[in-house]
Participant: 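Sharing a structure with you now.
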Amino acid sequence: MTEIQALIKNWYLENKRDLPWRRTKNPYYIWLSEVILQQTRVAQGKSYFERFVKKYPKIEGLASASEQEVLSMWQGLGYYSRARNLHTTAKYIVKELNSVFPSKHTEILALKGVGEYTAAAIASFAFDQVYAVLDGNVYRVLSRIFNLAIPIDTSEGKKQFIFLANELLDKIQPALFNQAIMEFGALQCVPGKPNCEICTLNIYCEAFKNNTITSLPAKKGKPKIRNRYFVYFVYLDENRETVRLRKKTENDIWKNMFEFPKIEFESVEQMDEFLSDNKNKIRTISTLYKHILSHQHLYAKFIVFSDSLFLNSPDVIEIPVLILNEYPLPRLMERYLEQNRTIFSHQP
DNA sequence: AACCCGGGGTA
DNA sequence: TACCCAGGGTT
C-alpha cells in the first residue's frame with residue numbers, strides 16, 4: 001500500500017503539469033479553480049481561472065460584482081449554476097464570515113456549490129487536512145489498481161471507493177497525494193486504452209494483470225460492451241485428418257481452453273482489409289459469426305489458409321480431427337465445427 | 001436513485 | 001457516435 005503511494009507520488013513529481021492553481025495555498029483561489037474544474041477539462045478551464053483571478057484578485061471583488069457580470073465571465077464554460085453558486089458563496093463568506101474562508105471540513109462542505117469532492121480538495125490543498133478526493137480520475141485509478149468492478153454509480157459502490165480512497169491516501173502528505181492520484185488518472189491511467197506497458201504501477205495493478213483495464217471503472221448505467229474481431233486460421237492437412245489448435249494461456253476470455261490460431265483486429269474494416277489483402281492464400285472463408293458474451297461482442301471469421309503462418313509457433317499443436325472433442329473448446333469454436341461437418345469429414 | 005445541468009475533446 | 005471531463009443540486 002505504501003509502495004503504491006510512493007509510486008504515485010514519484011510519478012507525479014516526474015510528470016506533473018505546471019498549473020496556476022498549484023502555485024498557491026490561498027483557499028479562495030483553490031476554491032475558484034475547483035469549481036471551474038468541476039466536470040471540466042484543465043485545458044478548457046485554465047483561461048477562465050486566469051481571467052477570474054485577474055478580474056477578482058480578492059474574494060471581496062467577486063462578492064461585490066453583479067450576478068450578471070459573473071455569468072458573463074462564465075460564458076462558454078457550461079453548467080452555469082456553478083457561477084451562480086460561486087457568486088452566492090462569495091457574498092456569504094464576505095458578509096457572514098468576515099471574508100475569512102472557512103477551514104473546517106463541515107463548514108466548507110456546507111458552502112453552495114461545494115460537494116464531497118470539492119470540500120476534500122479545498123481542505124487538503126489549502127489547509128493540508130487529511131481528506132481523500134474522489135473524482136472521475138480517482139475512481140478510474142482505484143478501480144483498476146484493485147480490479148474493483150462494482151459500479152461507481154451506486155451507493156454501495158461509492159461507499160467502497162470512499163473506503164479505498166481513504167485507505168490509500170497518504171496521511172502525511174494528503175495535498176501532494178491527492179494532486180498526484182488525480183494527475184496520474186488524467187495523464188497516465190486514462191479512459192479507453194492507457195499505455196500500461198510503460199506504467200510504473202503496472203506490477204501492482206490488478207486490472208492490468210487480469211486484462212480488465214478497458215472495462216473499468218464499471219458503471220451501472222450502460223454496461224460497457226467491447227467489440228472484438230477475430231480471424232481464425234483453420235489448418236487442415238491434405239487428408240483432413242489433423243488440425244492445429246492453440247491453448248489460450250493469456251489472461252483473457254477462455255483461459256486454458258483451445259482454439260484455432262487467430263489474429264485479432266480492432267474493427268471490421270481492419271479485419272476485411274486483412275482478408276482482401278490475403279485472398280489469394282485463402283481457400284475457403286466462413287460467414288461472419290457473431291458471439292455475444294456479457295461484456296464483449298465477438299465477430300469472427302474462419303478461413304482455411306494455405307500458408308505456413310503460425311504453423312511454427314511453439315504453442316500451436318497438431319491435433320487429429322477425430323479427437324477434437326477431447327479438447328475444451330469455446331462455444332464459438334463449437335458452433336463453427338457444427339456448421340462445417342462437411343469440411344471436417346472425420347467429425348462424428 | 002434518477003434526473004438535470006453544457007461545452008468541448010477524443011477515439 | 002459514444003464516452004468522458006478535477007461534480008453538485010434537486011426531486
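Convention: sequence-line order gives letters A, B, ...; per-chain numbering from 1.
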Participant: Could you state the atom-to-atom distance from CG of A:Leu86 to P of C:dG7 in whole Å?
Facilitator: 16 Å
Participant: Which whole number of Å gives the distance between the C1' atom of C:dG8 and that of B:dG9?
Facilitator: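 Nearest-Å result for C:dG8 against B:dG9 at atom C1': 22 Å.
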Participant: Of A:Asn85 and A:Glu34, whose nearest nucleotide on DNA chain C comes first from the 5' end?
Facilitator: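 Between the two, 5'-proximity favours A:Glu34.
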Participant: Using the C1' atoms only, state how far C:dA6 lies from B:dC3, rounded to an integer number of Å.
Facilitator: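 Per the computed distance, 23 Å lies between those C1' atoms.
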Participant: What is the distance from CZ of A:Arg144 to C1' of C:dC4, rounded to the nearest Å?
Facilitator: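 In whole Å, C:dC4 C1' and A:Arg144 CZ are 12 Å from each other.
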Participant: Rounded to whole Å, how long is the line connecting atom CD1 of A:Ile36 with atom P of C:dG7?
Facilitator: 14 Å
Participant: Classify the ring geometry between A:Tyr232 and A:Phe230 as parallel (under 30°), tilted (30 to 60°) or perpendicular (over 60°).
Facilitator: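 Rings of A:Tyr232 and A:Phe230: perpendicular, over 60°.
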Participant: Can you list the residues that meet the side-chain hydrogen bond (donor to acceptor under 3.5 Å, both in side chains) rule with A:Gln270, with sequence neighbours excluded?
Facilitator: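 A:Gln270 satisfies side-chain hydrogen bond (donor to acceptor under 3.5 Å, both in side chains) with no residue once adjacent residues are dropped.
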Participant: Mind listing the residues from residues 104-132 of chain A sitting with a heavy atom below 4.0 Å of DNA chain B? Number order is fine.
Facilitator: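 The stretch gives none, as no residue of it lies under 4.0 Å from the strand.
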Participant: Examine the side chains of A:Arg82 and A:Gln38 and answer whether a donor and an acceptor come within less than 3.5 Å of each other.
Facilitator: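 No.
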Participant: Roughly how many Å apart are C:dC4 and B:dC5, using the C1' atom of each and rounding to a whole number?
Facilitator: 15 Å
Participant: What is the ring orientation for A:Phe302 with A:Tyr336, classed by angle as parallel under 30°, tilted 30 to 60°, or perpendicular over 60°?
Facilitator: parallel
Participant: List in chain and number order the residues that pass ring-ring contact (aromatic ring centres under 6.0 Å, His included) with A:Phe125, two or more places apart in sequence or in another chain; answer none if no residue qualifies.
Facilitator: none
Participant: Side chains of A:Glu318 and A:Thr242: is there a donor and an acceptor less than 3.5 Å apart?
Facilitator: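 Note: A:Glu318 and A:Thr242 side chains meet the donor-acceptor criterion.
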Participant: Mind checking the C1' distance from B:dG7 to C:dT10? Whole angstroms is fine.
Facilitator: 22 Å
Participant: How does protein contact run along nucleotides 3-11 of chain B, one letter per nucleotide 5' to 3', with B for base contact, S for sugar-phosphate only, - for none, heavy atoms under 4.0 Å?
Facilitator: --BBBBB--
Participant: Test ring-ring contact (aromatic ring centres under 6.0 Å, His included) on A:Phe274 and A:Phe265; report intermediate values, then the result.
Facilitator: CA-CA 9 Å; A:Phe274 172 85; A:Phe265 298 91; 5.3 Å; yes
Participant: Scan A:Arg140 against the nucleic acid and name what it touches under 4.0 Å (heavy atoms): base, sugar-phosphate only, or nothing.
Facilitator: sugar-phosphate
Participant: Excluding sequence neighbours, so at least two apart, what forms ring-ring contact (aromatic ring centres under 6.0 Å, His included) with A:Tyr29?
Facilitator: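 Partners of A:Tyr29 under the ring-ring contact (aromatic ring centres under 6.0 Å, His included) test: none.
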Participant: Can you tell me, in whole Å, how much space there is between the P of B:dG6 and that of C:dT11?
Facilitator: 16 Å
Participant: Starting at CG of A:Asp135 and ending at C1' of C:dA6, how long is that distance when rounded to a whole Å?
Facilitator: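 These atoms are roughly 5 Å apart.
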Participant: Under a 4.0 Å heavy-atom cut-off, which of residues 158-189 of chain A touch DNA chain C?
Facilitator: A:Gln179, A:Met182
Participant: Is the charged tip of A:Arg51 near the ring of A:Tyr48: under 6.0 Å from the six-membered ring centre and within 45° of its axis?
Facilitator: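 Cation-pi check for A:Arg51 and A:Tyr48: passes.
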Participant: Parallel under 30°, tilted from 30 to 60°, perpendicular over 60°: which one fits the rings of A:Tyr299 and A:Tyr229?
Facilitator: parallel
Participant: With respect to the phosphate group of C:dC3, does any side-chain polar atom (N or O) of A:Lys219 fall under 4.0 Å of OP1 or OP2?
Facilitator: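 No, because none of the side-chain N or O atoms of A:Lys219 sits under 4.0 Å from OP1 or OP2 of C:dC3.
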Participant: Identify which one of A:Gln188, A:Arg17, A:Lys16 satisfies the side chain to side chain donor-acceptor pair (under 3.5 Å) criterion when paired with A:Glu183.
Facilitator: A:Arg17
